[in-house]
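Residue numbers start at 1 and run along the sequence shown. Values in this document were obtained by computation on a predicted structure and should not be read as measured data.
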Amino acid sequence: MPKSRIRKKADYTPPPAKQATAIKLTNRAWVAPVMLAMFVIGLAWIVVFYVTDGSLPIDALDNWNIVVGFGFIAAGFGVSTQWK
C-alpha cells in the first residue's frame, strides 16, 4: 500500500501587535467627597426629621422631608457613577 504524502504546514505566525491606545483618565478628586457629602446630608436630613417629630428641617414639607433625604442619597449614588 503506498504511503500518503506528508503535507508541510506553514509555521504559525502571530497576528500583528496592536498599538495600545492611551486612555486618558481625568483627575476626579471631587467625586468621592461630594458623594459622601450627599450620603451624609441625606441621612442627616432623615434622622433630624424623625428625631424632631417632623418639626425640622422644613416644617412645611411634612412627610416629604423623607423624600428630600432619599433624594440626596440618590444624588450621591448618581455622583458615584463618575468615580474611576
Output the distance between atom CZ (F49) and atom CG (D59), rounded to the nearest 0.5 Å.
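Here the rounded value is 9.0 Å.
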Pairwise distance CD1(I41) to CD1(I46) - rounded to 0.5 angstrom
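The distance works out to 12.5 Å.
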Quick check: is [Y] connected to [X] through a chain of hydrophobic side chains (ILVMFWY, heavy atoms under 4.5 Å apart)?
X	Y	value
L56	I58	no
V48	I73	no
W83	M38	yes
F72	L61	yes
Y50	V47	no

Side chain to side chain contact (heavy atoms under 4.5 Å, CB included) between W30 and V79, worked out
CA-CA 10 Å; W30 60 272; V79 171; 4.1 Å; yes
With side chain to side chain contact (heavy atoms under 4.5 Å, CB included) as the test, would you mind laying out the steps for W45 and F70 before giving the verdict?
CA-CA 9 Å; W45 194 289; F70 277 113; over 6 Å; no
Scanning both residues in full, the closest heavy-atom pair of S80 with M35 reads CB-SD, 3.1 Å
